[in-house]
Amino acid sequence: MTRTGMHMTKKGFSFQGPVEGVHALNSWITAEDDLFLVTHMGFLEIDPNHWHLDIDGLVGNPVKLRLADLLAMPQREYMSFHECAGSPLAPTIAKRRIGNVVWKGVPLSLVLERAKISSDASYVWTSGLEWGSYAEVEEPYQKDLPIAKALAEEVLLALEINGRPLSMERGGPVRLVVPGWYGTNSVKWLGSITAADRRSRSAYTTRFYNDHTAWGVRPVWHVAPESVIVSPSPSDILPADMPTTIWGWAWGDNQISSVEVSVDGGGSWQAATVGPREDRSWQRFELSWSPRAGQHLLICQCTNEVGERQPLADARNAVHSVEINVA
Ligand SMILES: Nc1nc2c(c(=O)[nH]1)N[C@H]1C(S)=C(S)[C@@H](COP(=O)(O)O)O[C@H]1N2
Ligand SMILES: [Mo]
């Protein structure tokens with residue numbers, strides 16, 4: 001199938017990311033070459049002259065915006081970590097697909113205002129324009145946001161990442177960005193926005209990306225506290241009894257207030273220094289260490305400002321560890 005001005009390339013699920021994993025993430029802003037890339041059904045190439053966005057559903061004034069209309073609206077920048085929740089088929093496996101970037105675009109709230117969103121609307125559904133199948137499901141990539149998040153100032157119809165227009169692979173010409181929430185919510189190749197009074201029944205909001213917990217079903221929305229050790233990496237050979245720095249990143253929808261580091265596989269813990277955050281960026285943590293010769297298992301565990309802590313196992317945000325050999 002093809003549609004005017006659009007075609008699918010590289011059909012099917014794909015993931016790309018740096019081979020060194022999180023150890024590649026050594027700068028504050030993640031360059032696109034080091035930023036993971038995910039798609040369920042494939043990549044969609046869109047001719048920007050043919051692109052438009054429909055805003056419909058519970059609105060007083062349904063609108064159709066072309067790229068020029070969007071470019072004529074006010075834009076803002078927002079720095080945010082960007083994290084994939086991992087496979088919806090294995091939601092308790094930590095994948096640590098993460099980066100920190102600067103998005104630029106038109107606030108979603110402005111577009112909803114322009115469409116005169118009704119006070120009956122409690123959710124906003126957003127859909128990608130691509131087609132194909134994932135896990136034997138053949139339906140559009142549709143996600144939903146509760147109205148309070150949809151109207152939050154940080155949620156953007158993004159046109160740029162790190163100062164450059166979005167590439168085709170990144171979801172251009174226009175994608176949704178939902179800072180603080182898992183990447184699955186940030187719909188690429190955005191084509192329609194529908195205001196509704198209930199959650200979407202899409203496979204991507206029901207069967208996939210809905211966690212079954214002891215308290216019932218919980219959508220994969222806000223990002224739980226998480227941290228990773230960037231350095232040292234397992235391939236580093238450190239000299240014994242020389243001071244070195246253990247450092248990494250910590251992030252979550254809520255600010256991180258502390259990071260604990262263990263150099264003995266969880267036997268004992270020390271508080272690391274934690275840096276500030278900007279918008280919803282990640283935060284740097286570090287601890288100095290003079291290792292003895294031998295093998296060491298380093299682990300980091302963070303806690304956010306509302307007291308939620310990273311779990312030790314069986315969760316997408318489970319603690320990260322690194323095995324180090326000291327000569
Ligand atoms: N239209 C569309 N949007 C999508 C997806 C998709 O398959 N189709 N994948 C989601 C997932 S699971 C993630 S993690 C992010 C990845 O964004 P990135 O490839 O720019 O890093 O896009 C999200 N938006
Ligand atoms: Mo994802």
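Just so you know, ligand 1 is whichever comes first in the structure, and atom 1 is the first atom listed for that ligand. If you're wondering where the values come from, they're calculated on a predicted model, not measured in any experiment. Numbering of residues begins at 1 and proceeds along the displayed sequence.
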Examine the proximity of ligand 1 to Arg97 and report which part, side chain or backbone, both or neither, has a heavy atom under 4.0 Å away.
neither

Would you say Ala85 has any N or O atom under 3.5 Å from an N or O of ligand 1, going by distance alone?
no

Closest approach of Thr205 and Gln142, non-hydrogen atoms and distance?
CG2-O, 3.5 Å

Do any nitrogen or oxygen atoms of Glu169 come within less than 3.5 Å of a nitrogen or oxygen of ligand 1?
no

N/O of Arg170 under 3.5 Å from N/O of ligand 1, yes or no?
yes

Which bit of Tyr209 is near ligand 1, meaning a heavy atom under 4.0 Å away: side chain, backbone, both or neither?
side chain

What residue and atom, counting heavy atoms only, is the protein's closest point to atom 10 (C) of ligand 1, and at what distance?
Tyr141 OH, 3.3 Å

Please give me the minimum heavy-atom distance between Met79 and Ser281, naming the atom from each residue.
SD-CB, 3.5 Å

So do Leu297 and Asp264 actually touch side chain to side chain, heavy atoms under 4.5 Å?
no

Just to check, does Gly171 reach to within less than 4.0 Å of ligand 1 when the distance is taken from its heavy atoms?
no

Regarding Arg277 and the six-membered ring of Phe81, is the cationic atom NZ or CZ under 6.0 Å from the ring centre and inside 45° of its axis?
no

Does any part of the side chain of Leu145, heavy atoms only, come nearer than 4.5 Å to the side chain of Tyr123, both counted from C-beta?
no

What residue and heavy atom of the protein are closest to atom 15 (C) of ligand 1, and at what distance?
Gly183 O, 3.4 Å

Looking at ligand 1, does any of its N/O atoms fall within less than 3.5 Å of an N/O of Val38?
yes

If you compare all heavy atoms of Leu44 against all heavy atoms of Trp189, which two are closest, and at what distance to 0.1 Å?
O-NE1, 3.0 Å

Ligand 1 contact on Tyr182 by region, counting heavy-atom pairs under 4.0 Å:
neither

Between Glu83 and ligand 1, which part of the residue brings a heavy atom under 4.0 Å of the ligand: side chain, backbone, both or neither?
neither

Is Glu153 paired with Arg76 through a side-chain N to carboxylate O contact shorter than 4.0 Å?
yes

Between Tyr134 and Phe208, does the ring centroid distance fall short of 6.0 Å?
yes

Which of the numbered atoms in ligand 1 are below 4.0 angstrom from a heavy atom of Leu37?
19 (O)

Under 4.0 Å from a heavy atom of Ser186: give me the atoms of ligand 1 that qualify, with their elements.
22 (O), 23 (C), 24 (N)

